[in-house]
Every structure is written in structure tokens, then in C-alpha cells.
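Here the structure comes first, spelled out in C-alpha cells, and everything after it is commentary.
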Amino acid sequence: MTTTSNFSLYGIGVSGGIAIGRTKLVSHATLDVSQYQIDPAHITDEVNRLDLAIAGVRNELRALRDEMATSELADDIEAFIDIQETLLNDDALSENTKAYIVEHGCNAEWALVQQMDAWLAQFDQIEDEYLRERKFDIMQVVERVLKQLTGHVGVAAPDVGVESHTILVAHDLSPADVLQYKYHRFAAFVTDLGGATSHTAIVARSLGVPALSGLRLARQLIREGEMVIVDGDSGSIIVNPSRAVLAQYRERYQQQKERREALMSLVRRRPKTKDGVETSLFINIEMPDNFTAAQKVGAQGIGLFRTEFLYLNREELPDERTQFLAYRRVVRGMKGKPVILRTLDLGADKIHAGIDSLARVMPNPALGLRAIRLCFAEQALFTTQLRAILRASVFGNLKMMIPLLSSAEEIRQALDIIDGVKKTLDEEGVAYDRNIDIGAMIEVPSAAIAIEPFLKRFSFLSIGTNDLVQYLLAVDRSDQAVSRLYDPVHPAMLRLLSHVLKHAEKAKIPVSMCGEMAGDPEMTRLLLGLGLRHFSMSASTLLAVKERILNTDLGAQKKSIARILRSNSSLKTRALIEQLNQS
């Protein structure tokens, strides 16, 4: 084939790493739909053709549900299929499309795309990112119907001979599409649509392959079989790279591979500093199946299970049994190692349409009804989750953690609700761990400053640096206009961390950290010096953090830590941290 000149496209890196290979274009029917008129005598036949196509998609989804029932990502796919089936049954899709066929006398494909465009226009008016990305679910279900209409059902998998070097390029991919490639070990995928919170992004991270989304024109500009480099870390794809660039990335890819292999030798090593200080390393997970990563990297447990992700990908709210089974699966899978479940942190950018309190538009969602505040407002929702957590607690080492508490009064209210649920379970004769450890997130400045009631009422604490930095510095970390001000090593932040850790040590209450800061190897020595001993992070960063711990002489860095805490400048602080890491 004739190659074009090299060029680069930039999007959102939804799953990190580097991949080099040849492109495989994933064909999507909506790119090629044409309009033609239908003889009035055959309009009914055209409407029936649409009905048959929709029925075909229902059968396709039913078969997919059965096929993926034993998959590691069965819960993700179940949620995805529920949404697709709901959209398929919506009058906005089926009945309105039929009405368009009758009114305009046109073919079903064209009518369906016109109806899709009208539907999507409504979603474009939604400010919330998560809800706005649900428009991709509409596009995916329309794709399925169009493929039935045109006779191109499904997505062709890459040739087995080149599977490990294949880069999928698509206008969009559904989670189910991605899973169909799972056993072909494709190298990476890129899509025009989607974002970091899309269903497909979640599946990509679960599969551990580099992935980019939001590239806009990749499917149009990239040709079949072209050599490309996907850089999931920078969010870029280089098409037809020069020999020099290709050689550079091949060297980087080999270095990454060797680096990963070298780090794997640390899996069984205890995370202990050179001078014998013991630490604990845990992983954060979003979905039940993610717990398997703990064993692969030698994690000592699950430090944060973000339970709200069980809610985000479902049309209906998960009931008590659904949650119980999910929690039990993780606890059993960890075989006695600790599992810390954070209670619901819905709200802000994580919305479920089935929760009445989240239906209104909040002027400042990050400071509004979210996490424990939402649970206080929707106590039936909270009680259902608490029952599921407590029921699962008898199957292993399960702990419960409450997010976004800000005062002694909120502590009392939350613990009173938990005690009430325990009493109800007692009356019903339902077993649970009566000694279950209950902890709290420290992610609001008021909780960090007035730490005493937290130390008195909870068995453990966990510092959520993502929100703590945001609230302490009054910086919306999702706003690009001010994102440069989001600074985890701001002098105020480091002094606040030191304050929390010193008081917790004095009270003999264990403190972990589960924000992004905990998984940054450049921050490891600093955090150790401040007194942190328990870290929780993405599985992908755990071994790099362990390596830094193993190479640290904690006793030798006391003076350096003291200098860092005395600094009043972020620039100076970063320079001192760099020196600390070079020692």
C-alpha cells in the first residue's frame, strides 16, 4: 500500500504504556450510511425490516450475555448489556425511527441515523461529564442495529498471525467489542470518541493494554496496515514514524519491557527500607474482578475498593444481593488479606440517574451533595449498602471506610446509622463480623486539622490526597484553567500531612494513603520521612514504589525532611525532593 507522510494525533491516554504495530481499521456502519427513497407500497416492509434488525440485536446481546457469563469482567458486561437493552426498547429509538420512515419515505438506515443525531443533541446540552459520555452508549446500540440492517453483524477480529502487534483503530468501540478481542492479545486500541470515564476506558485499564480515546479524526486519517506508535502515557499516536522516531520508541518499548520484568523480581520481597523499617503496600480497585491484580504484584491487600463503580454502569441501582455477592467475591478471593471497602462516594462527577437527590443541578458539585452527605440524604440507599457490606464481612478480613466526613457530628451520625443496621441484622439473625474495623477518609481540611475525634472513634484512617489537595488549595483539579495550581507538595499540604501522621502515631491509630500521591515513586521517600507506613495505589505502580522503599535509608533522610517542611515555596520544595531522591 502507499503510505502517507508521518503525522501525530493527540487525545486522552486512558490506559498507559507504549505499543508499536500495524493498524487494523474497525469498520462502523454509521460512517457509510446513504439515503434513498422507498416506494410508498413498501414502507410497511421497511418498518418491518427495522423491527427485524432490532430483534436481531436483542438476540445478539442475549448471546453475548451468555458468552461472557464466566468472564473476569462479567459484571462490567452485564451492566453494559442492561444499558444497551434499555436503549433498544426506548421509543426515542424504535418508534420515532419508524415514524421518520413513514413521514419521509426513506430507508431505515438513514432514518435511524437521523433519529440518533436528534437524540445525541439532547445529551450535548448536559454539563456532567459522566452523563454526557452516555451518548456513546446510544451510538453503540445504533451501530449494532445498522450492522443488522446492512448484514455486517459483529466486528472482525485481527488476523491471528499478527495479533500481538495489531493496533485497533475505530470511530468508537463498546466494552463488548473490546472484550471480543481479549483473547487475541492485540497491542493497543485508539478511538475517535470516548473519554477517561467511558465504559470502554474502564475495560481497557482492566485488560492492561495501552489505549487512547477522544482522537476525533483517527478513523478517517489513518489507513489500514499503517505503522503506528501508541503512547498511552502522553495520549499521542504517531502515524508512519520516521526510522529515527521508530528506533527511539522501540528502544523505549524495550526499556519498559525490561523495566517491568526487573520489577517483577520484587513481587515476593517484603517492602522494608534499608534500615529495617516495615511498610505495607495495597492496591486500589474499582470493580470486583480487579482484586486478582493484588496477587500478581504481591500486594498485601486491597486498600481501597471504590464501591460506587458498582452503581455507575447500571441502569438500575444494584440491590443488596448484587452488592453482597460482589463484596463477598473480593473478600473470598483475597483469602484472609485485608479488604477495605469505601462506602458510596457518588456525587460530583459520579452520578446515577436513579438517585433523586442527584437529579437537581448543583452549582458546585465538588462542594455539594456527595459521598457521606448523599448517604445521609438517601439513608435507604446507604442502609442497603451497609447491610451488604456487613453480610460479606463474615467471609474474610473485611474493613469499612467512610468518605468525606468533616466533623464530630458527622462521625456520630454515620456510626449511629451503622449501629442501627447491625441491630436490624441481629434481630433478623443474620451473621456479620461484630468486630469489623471501621475507618474514615481524611480528605477534607477540617478533618485533617481537627483530627482528634477521628482518632478516638475509628480503628484506622486513610488520607485521600486527591480531594484533600483540591479542597485545601481551592483548586478544581478537573478545570484546565487552574490545574497548574493543583500541587500535592504545596507547603501547606505537606505540613497538614505531617500534622495528621504525627497525631495518629501518638494515638497508635494506623494511617494509610490511597490518593495518587501514594502511587508516585517520586513521593515515596518524602512520605516515608513524614511518617507514612501504609500505601495504597494502582497495581501498575506498586512495584516501582516498593523498589524505592527497598532503596531508602530512612534514618539518613531526617534532616532533608526537616528542610522540606520548613520550605515556604513549592519550587524550592520540589528541588529538595529531587535531591532527596538522588541521595
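This one's a predicted model, so the numbers in the text were calculated from it and none came from an experiment.
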Do V330 and I285 pass the side chain to side chain contact (heavy atoms under 4.5 Å, CB included) test, and can you show the C-alpha distance, the side-chain angles, and the key distance before you say yes or no? CA-CA 10 Å; V330 176; I285 66 172; 4.2 Å; yes
Keeping the roles fixed (side chain from D437, backbone from S459), state whether a donor-acceptor pair exists under 3.5 Å. no
Applying the side chain to side chain contact (heavy atoms under 4.5 Å, CB included) criterion to I402, which one of I411, I418, D345 satisfies it? I418
Taken to the nearest 0.5 Å, the spacing of T524 OG1 from M517 CE works out to 10.0 Å
Value rounded to 0.5 Å, distance of CG in L468 from CE in M441: 9.5 Å
Kindly give the heavy-atom pair with the smallest separation between A539 and I283, and that separation in Å. CA-CG2, 3.8 Å
Say whether, by atom type as modelled, one donor and one acceptor occur between the side chain of K546 and the main chain of R269 under 3.5 angstrom. yes
For S236 and S8, does a side-chain donor sit closer than 3.5 Å to a side-chain acceptor? no
Say whether, by atom type as modelled, one donor and one acceptor occur between the side chain of T279 and the main chain of P271 under 3.5 angstrom. yes
Separation of M401 CE from I442 CD1 (nearest 0.5 Å): 10.5 Å
Got a sec: does the CD of E505 have more than 12 other heavy atoms crowding it under 6.0 Å? no
So, the side chain of S393 versus the backbone of D433: is there a donor-acceptor pair under 3.5 Å, distance only? yes
Ignoring hydrogens and geometry, is there a side-chain-to-backbone donor-acceptor pair from D231 to I18 under 3.5 Å? no
Check whether Y327 forms a cation-pi arrangement with R329 (NZ or CZ under 6.0 Å from the six-membered ring centre, at most 45° off the ring normal). no
Could you give me the CA-CA distance, side-chain angles and deciding distance for L526 and L494, then say whether side chain to side chain contact (heavy atoms under 4.5 Å, CB included) is met? CA-CA 9 Å; L526 168 66; L494 298 187; 3.9 Å; yes
Hey, is the main chain of L344 close enough, under 3.5 Å, to the side chain of E308 for a donor-acceptor pair? no
Kindly compute the distance separating CG (L304) from OG (S536), expressed to the nearest 0.5 Å. 6.0 Å
Please tell me if the side chains of D487 and R574 come closer than 4.5 Å, counting only heavy atoms from C-beta onward. yes
Evaluate the side-chain proximity of D233 to P210: yes if any heavy-atom separation is below 4.5 Å, no if none is. no
Are any non-hydrogen side-chain atoms of H490 and T573 less than 4.5 angstrom apart? no
For S498 and R495, indicate whether the former's side chain and the latter's backbone hold a donor-acceptor pair under 3.5 Å. no
Residue pair F458 / I509: nearest heavy atoms and the distance that separates them: O-CD1, 3.7 Å
Does any N or O in the side chain of E278 come within less than 3.5 Å of the main-chain N or O of K272, such that one atom is a donor and the other an acceptor? no
Can you establish whether the number of heavy atoms outside F460 located under 6.0 Å from its atom CZ is more than 12? yes
Report yes if some heavy atom in the side chain of L310 is under 4.5 Å from a heavy atom in the side chain of T322; otherwise report no. no
So, T307 and Q385: side-chain donor and acceptor under 3.5 Å apart, yes or no? yes
Any side-chain donor-acceptor pair under 3.5 Å between T552 and T273? no
State the CD-CG distance between E547 and L550, to the nearest 0.5 angstrom. 8.0 Å
Between Q470 and N466, does a side chain to side chain contact (heavy atoms under 4.5 Å, CB included) hold up when you go through it step by step? CA-CA 7 Å; Q470 171 173 250; N466 299 350; over 6 Å; no
Determine the minimum heavy-atom distance between Y432 and L390, stating which atoms define it. CB-O, 3.1 Å
Evaluation steps, side chain to side chain contact (heavy atoms under 4.5 Å, CB included), between Q323 and T384: CA-CA 9 Å; Q323 293 184 66; T384 297; 3.8 Å; yes
Using only atom types and a distance under 3.5 Å, with no angle test, would you say the side chain of Q557 pairs donor to acceptor with the backbone of R525? yes
Please give me the minimum heavy-atom distance between L532 and V511, naming the atom from each residue. CD1-O, 3.7 Å
Taking atom CD of Q254 as the centre, report whether more than 12 heavy atoms of other residues, nucleotides or ligands fall under 6.0 Å from it. yes
Distance (rounded to the nearest 0.5 Å) between D553 CG and K274 NZ: 7.0 Å
Taking the side chain as every heavy atom from C-beta outward, state whether R250 and I229 have any pair of such atoms under 4.5 Å apart. no
Could you check whether any side-chain N or O of H503 sits under 3.5 Å from a backbone N or O of E452, counting only pairs where one atom can act as donor and the other as acceptor? no
Heavy-atom closest pair (R370 atom, Y471 atom, distance to 0.1 Å) is NH1-OH, 2.7 Å
All heavy atoms of R563 vs all of L576, minimum pair found to be O-CD1, 3.9 Å
Does a donor on one side chain and an acceptor on the other come within less than 3.5 Å for N581 and E578? no
For H534 and F282, take the angle between the two ring planes, folded into 0 to 90°, and tell me which bin it lands in: parallel under 30, tilted 30 to 60, perpendicular over 60. tilted
